[in-house]
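Structure provided below as structure tokens; questions to follow.
In what follows, chains are A, B, ... by sequence order, proteins preceding strands, each numbered from 1. None of these values were measured; they are calculated from a predicted model.
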Protein chains: 2
Amino acid sequence: MRRRPCDPPGHDGRRPLWDDDPTAMAELSSDPGEPTRRPQPGRRNALSMLAPVERHTVQQRVYLELRRSLIEGQFAAGEVMRIQDVASRLGTSTMPVREALGRLVSEQALEPLPNRSIRVPLLTRERLDDLAAARRLIEGEAVRLAVRRLTADDIAKLRRITRGYDELTAGEEDHGHRAIYNHAFHFGIYRAAGSKVLLPIIESLWLQTGPFIRASASLYDGADGLSATHHHWRIIAALEERDGEAAAAALGEDVERAFELLRDRLAHDEAETPT
Amino acid sequence: MRRRPCDPPGHDGRRPLWDDDPTAMAELSSDPGEPTRRPQPGRRNALSMLAPVERHTVQQRVYLELRRSLIEGQFAAGEVMRIQDVASRLGTSTMPVREALGRLVSEQALEPLPNRSIRVPLLTRERLDDLAAARRLIEGEAVRLAVRRLTADDIAKLRRITRGYDELTAGEEDHGHRAIYNHAFHFGIYRAAGSKVLLPIIESLWLQTGPFIRASASLYDGADGLSATHHHWRIIAALEERDGEAAAAALGEDVERAFELLRDRLAHDEAETPT
DNA sequence: GGCTGTAAAGTTTGATCAAAGATCAGAAGT
DNA sequence: ACTTCTGATCTTTGATCAAACTTTACAGCC
């Protein structure tokens with residue numbers, strides 16, 4: 001009943017979101033879909049300074065777009081993703097969409113139903129606790145690894161990002177932008193950990209928590225008298241002293257705080273709709 | 001030079017490996033491709049004892065077959081996977097294969113090259129250390145979680161599996177079967193941890209170490225005077241005493257031992273071929 | 001009136017096909 | 001003899017199409 005069978009794809013009022021949309025997220029994130037390595041800045045060779053040619057496949061763009069939307073919390077939990085809907089909304093055929101959806105399913109970002117349809121997973125209390133524990137465990141380890149490898153330059157970058165977040169918080173109420181800054185801060189650290197194994201795992205965990213990041217961000221401010229970036233500044237301080245345990249502890253509290261608020265909200269929702 | 005362009009698919013001498021091949025792995029593993037939940041044995045209701053109807057999609061079977069082959073170490077590191085080759089070898093068209101390969105890529109089990117071809121990742125020393133650390137961290141946590149939830153029945157099952165492994169070791173030299181028993185033992189524990197978040201992560205880690213499990217198993221026996229299941233028995237003992245730390249430590253040593261041997265082998269190989 | 005069986009619409013899955021890109025071999029030029 | 005260009009072959013990617021499967025709606029029956 002919500003389908004329009006003969007829609008000319010890509011012309012239903014929404015622009016294909018990726019064309020010329022180099023968001024901060026895209027720049028600051030780790031580009032998980034592109035396995036080509038960037039040249040190390042340590043080398044002096046002019047050739048090694050060349051970035052690999054950007055390869056645009058449609059599937060890549062669909063995947064990145066869906067991924068970004070998920071992390072920013074654009075999709076509601078439990079929402080069913082229909083291939084043709086997504087395809088026409090993004091202005092492509094179904095083929096790239098179905099591959100991107102399959103990819104997100106195997107990253108646990110989406111959930112296949114026995115009906116063969118695909119939906120954004122519901123976040124139950126159990127799953128929430130599971131995710132919180134996993135994130136504390138794995139991201140904590142990533143911070144410990146990063147402590148030894150972060151350069152002064154990296155830390156300065158983290159400061160800039162956090163300052164940007166603070167200014168954003170003082171001003172408007174754009175949750176999407178907050179999510180982007182939060183993402184940039186955390187992954188700036190995780191990427192410095194230098195683990196090609198842990199990083200994709202953490203990305204998957206963020207995708208799984210994604211549908212609720214927005215809810216978290218909107219609840220975060222001042223809920224306990226602490227500013228949104230309180231824990232971020234503590235993490236930076238610990239990183240500067242090369243104190244891995246303190247940094248991991250502060251990060252654990254940062255994660256825990258976000259999930260604590262989500263837990264409350266979830267308990268509230270479940271009490272309201274005891275389906 | 002190894003391609004035969006007009007091969008009738010599925011009739012090149014190899015049987016499609018999945019038809020009526022209920023291996024121990026298939027039975028003992030967690031069926032990650034099938035999200036339907038089995039009925040809890042705790043309920044007395046007759047309806048809840050019904051297993052969900054098996055749903056066979058071709059992609060599912062291709063995926064499971066490739067996955068099994070990878071974990072058992074049937075593919076050499078660096079081997080390029082061509083869609084049409086795999087399709088004709090498995091007796092299907094290219095479509096299910098390309099979706100299965102895409103799925104394995106996003107689980108980090110396979111690696112996309114800039115050429116857009118897909119290969120089994122090379123295992124470098126760096127990657128090996130990365131994987132070892134990640135496995136100790138995450139599987140250790142899974143064991144700690146499992147300690148509180150394992151029933152006496154579960155532990156008895158672990159004993160049976162380990163005894164089966166011992167008997168296998170005494171007898172023939174079938175690495176595939178050893179890998180299956182080893183897999184069954186570990187995942188018997190991890191599944192009991194009850195974390196729907198950690199389990200897929202561990203599966204992905206095993207897929208990444210897969211190409212070398214065979215090498216590990218062949219090197220394992222008697223390399224240091226310990227039997228192959230020495231650590232497994234220690235883990236079982238710790239589980240019976242509900243000592244999570246001891247169990248995690250023993251598991252850490254089990255993982256570490258396998259990787260130690262791989263490290264030696266890798267150092268040897270790299271010394272031989274310093275490409 | 002409510003339940004059951006059947007038909008129709010819509011969706012996913014798998015196959016085939018065309019086009020773009022990559023690899024490799026051979027020819028031409030220095 | 002070595003490098004570079006070009007063409008042919010092979011591969012992946014994206015589109016279209018047919019078939020299997022779900023779901024929903026509707027009519028018939030108890």
> Which word best sums up how the rings of Tyr190(B) and His186(B) line up, parallel for under 30°, tilted for 30 to 60°, or perpendicular for over 60°?
Replying inline: tilted

> What is the distance from CZ of Arg61(B) to P of dT13(C), rounded to the nearest Å?
Replying inline: 14 Å

> Taking atom C1' of dT13(D) as reference, at what distance in whole Å does atom CD of Gln60(A) sit?
Replying inline: 12 Å

>> To check you understand the geometry: which heavy-atom pair defines the closest contact between Tyr63(B) and Glu107(B), and what is its length?
In response: OH-OE2, 2.8 Å

>> Side chain of Pro96(A) only, heavy atoms from C-beta on: which candidate in dG14(C), dG14(D), dT16(C) is closest?
In response: dG14(D)

> Which one, dG14(C), dT13(D), dT12(D), comes nearest to the side chain of Gln84(B)?
Replying inline: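 Nearest nucleotide to the side chain: dT12(D).
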
> Atom CZ of Arg98(B) and atom P of dG14(D): how far apart are they, to the nearest Å?
Replying inline: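 Atom CZ in Arg98(B) sits about 8 Å away from atom P in dG14(D).
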
> Looking only at side-chain N and O atoms, does Asn115(A) come under 4.0 Å of OP1 or OP2 in dC21(D)?
Replying inline: no

>> What is the separation between atom CD on Glu99(B) and atom P on dA15(C), rounded to the nearest whole Å?
In response: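 Atom CD in Glu99(B) sits about 10 Å away from atom P in dA15(C).
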
>> Please pick, from dT22(D), dA15(C), dT12(C), the nucleotide with the shortest atom-to-atom distance to any side-chain atom of Met95(B).
In response: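 In terms of side-chain proximity for Met95(B), the closest of dT22(D), dA15(C), dT12(C) is dA15(C).
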
>> Please report the distance, rounded to the nearest Å, between OH in Tyr63(A) and P in dT13(D).
In response: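 Taking OH of Tyr63(A) and P of dT13(D), I get 15 Å after rounding.
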
>> If you compare all heavy atoms of Ala76(B) against all heavy atoms of Val120(B), which two are closest, and at what distance to 0.1 Å?
In response: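 Where Ala76(B) meets Val120(B) most closely, the heavy atoms are O-CB, 3.5 Å.
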
> Where the side chain of Ser93(B) is defined as all heavy atoms beyond and including C-beta, which of dG14(C), dA22(C), dA15(C) is the nearest nucleotide?
Replying inline: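 Selected nucleotide (nearest to the side chain): dA15(C).
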
> Reckon Ser117(A) touches a base, only the sugar-phosphate, or nothing at all at heavy-atom distances under 4.0 Å?
Replying inline: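 Nothing, no nucleic acid heavy atom in range.
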
>> For the backbone of Thr57(B) and the side chain of Gln60(B), can you confirm whether one donor and one acceptor N or O come within less than 3.5 Å of each other?
In response: no

>> Rounding to an integer number of Å, can you tell me how far Ile83(B) CD1 sits from dG21(C) P?
In response: 17 Å

>> In whole Å, I'd like the distance from the CG atom of Leu113(A) to the P atom of dC21(D).
In response: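 In whole Å, dC21(D) P lies 18 Å from Leu113(A) CG.
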
>> By nearest atom, which of the nucleotides dG14(C), dA22(C), dC21(D) is closest to the Arg116(A) side chain?
In response: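 For the Arg116(A) side chain, the nearest candidate turns out to be dC21(D).
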
> So, Ser204(B) versus Gln208(B): side-chain donor-acceptor pair below 3.5 Å or not?
Replying inline: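 Gln208(B) and Ser204(B) do have a side-chain donor-acceptor pair below 3.5 Å.
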
> Any idea which of dA15(D), dT11(C), dG14(C) is nearest the Arg82(A) side chain?
Replying inline: dT11(C)

>> Rounding to an integer number of Å, can you tell me how far Ile118(B) CD1 sits from dT23(C) P?
In response: 14 Å

